[in-house]
Student: 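Below you'll find the structure I mean.
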Amino acid sequence: RETRPSPSESPSASAPSSEGSAPGKPYRLHGIIGYDPFHDGDEHTDWTPRINNPNTDLPWSTHKYKHRPFGGYTDALGLRIDLGELREVSAVDIGAPRGDWEYEIRVGTSEDILRAVTIGSHRGGGDVTLEADQPAQGRFVFVWFTDTAPTGDGWWHAQLEDITVR
């Protein structure tokens with residue numbers, strides 16, 4: 001289920017939190033990596049410090065690809081977020097620039113995307129909250145891009161600015 005929060009309702013995952021002490025409270029993120037398990041293993045991990053960073057206007061981005069979805073190298077790729085321990089995930093807030101990419105939010109107990117369950121999906125950029133019909137147990141949350149959008153200069157990519165896991 002998808003809802004769109006107002007800007008004042010979008011909590012920052014980098015802000016101090018109550019570690020999930022009440023429903024809807026954001027969890028602390030213990031690490032974010034660019035995740036491309038079916039090609040070269042990495043997708044701009046060096047750019048993940050841009051996520052939830054109020055000191056930059058630059059989003060995290062996939063590599064640029066000559067054609068969609070990912071230049072023929074893979075069918076999907078994205079980000080793997082480590083929550084540090086097993087958590088109950090009920091919602092994920094995403095902030096992204098404008099774009100027509102498509103992604104899923106998956107939750108899993110292992111680092112393996114194939115063992116994770118999908119709790120929501122979205123096409124497009126902007127601020128979006130994806131709420132699970134049933135909370136999912138997991139230590140890892142994946143933002144799994146399944147399609148890219150044009151960059152305006154003949155290339156294709158996907159981008160993300162903020163993520164909050166609750």
Student: Would you call the rings of Y73 and H39 parallel, tilted or perpendicular, taking 30° and 60° as the class edges?
Tutor: tilted

Student: When clusters are formed by joining ILVMFWY residues with side-chain heavy atoms under 4.5 Å apart, either directly or through shared neighbours, do W60 and V128 land in the same one?
Tutor: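 Yes, it is one cluster - the side chains of W60 and V128 are joined through contacts under 4.5 Å.
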
Student: Can you tell me if D75 uses its side chain to pair, donor with acceptor, with the backbone of T146 under 3.5 Å?
Tutor: no

Student: Hey, are D42 and T45 close enough side-chain-wise for a donor-acceptor pair under 3.5 Å?
Tutor: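 Side chains of T45 and D42: pair found under 3.5 Å.
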
Student: Backbone N or O of A76 within a donor-acceptor pair of the T74 side chain at under 3.5 Å?
Tutor: yes

Student: Quick one: list whatever passes side-chain hydrogen bond (donor to acceptor under 3.5 Å, both in side chains) with T151, sequence neighbours left out.
Tutor: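 Only D153 meet the side-chain hydrogen bond (donor to acceptor under 3.5 Å, both in side chains) criterion with T151.
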
Student: Holding to ring-ring contact (aromatic ring centres under 6.0 Å, His included), I want the full list of residues that pass it with H67, two or more places apart in sequence or in another chain.
Tutor: none

Student: Are L160 and F140 joined in one hydrophobic group, where the rule is that I, L, V, M, F, W and Y side chains link up if heavy atoms are under 4.5 Å apart?
Tutor: no

Student: For the atom pair CG (L86) and OG1 (T109), what is the distance rounded to the nearest 0.5 Å?
Tutor: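 Rounded to the nearest 0.5 Å, the CG-OG1 separation comes to 7.5 Å.
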
Student: Residues two or more places apart in sequence or in another chain: which of them pass side chain to side chain contact (heavy atoms under 4.5 Å, CB included) with I113?
Tutor: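 In terms of side chain to side chain contact (heavy atoms under 4.5 Å, CB included), with neighbours along the sequence ignored, I113 is linked to Y35, P37, F38, R106, F142, W144.
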
Student: Do V89 and I105 touch side chain to side chain, with heavy atoms closer than 4.5 Å?
Tutor: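 Not touching, per the 4.5 Å side-chain cut-off.
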
Student: Can a cation-pi geometry be assigned to K66 and W155, taking NZ or CZ under 6.0 Å from the six-membered ring centre and within 45° of the ring axis?
Tutor: yes

Student: In terms of relative ring orientation, are H63 and H44 parallel, tilted or perpendicular, with 30° and 60° separating the classes?
Tutor: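 Ring orientation, 0 to 90° scale: tilted.
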
Student: Would you compute the distance between atom OH of Y103 and atom CG of L130 and round it to the nearest 0.5 angstrom?
Tutor: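 Interatomic distance, Y103 OH to L130 CG, rounded to 0.5 Å: 5.5 Å.
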
Student: Under 3.5 Å, is there a donor-acceptor pair between the side chain of S61 and the main chain of Q159?
Tutor: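 Not a single qualifying donor-acceptor pair exists.
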
Student: Please list, chain by chain and in numerical order, all residues satisfying side-chain hydrogen bond (donor to acceptor under 3.5 Å, both in side chains) with R50, sequence neighbours excluded.
Tutor: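 R50 satisfies side-chain hydrogen bond (donor to acceptor under 3.5 Å, both in side chains) with no residue once adjacent residues are dropped.
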
Student: Going by side-chain hydrogen bond (donor to acceptor under 3.5 Å, both in side chains), name the residues that satisfy it together with D82, two or more places apart in sequence or in a different chain.
Tutor: R139

Student: Of all residues at least two apart in sequence or in a different chain, which pass the side-chain hydrogen bond (donor to acceptor under 3.5 Å, both in side chains) check with T48?
Tutor: none

Student: Side chain of T62, backbone of A158: donor and acceptor closer than 3.5 Å?
Tutor: yes

Student: Nearest 0.5 Å, please: how far is CG in L79 from CD1 in I51?
Tutor: 4.5 Å

Student: Within the structure provided, determine whether F145 and H157 are in side-chain contact (heavy-atom separation under 4.5 Å).
Tutor: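 Sidechains of H157 and F145: no contact.
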
Student: For residues D147 and W101, report the shortest heavy-atom separation together with the two atoms involved.
Tutor: O-CB, 3.2 Å

Student: Answer whether the closest heavy-atom distance between the side chains of D93 and D127 falls below 4.5 Å.
Tutor: no

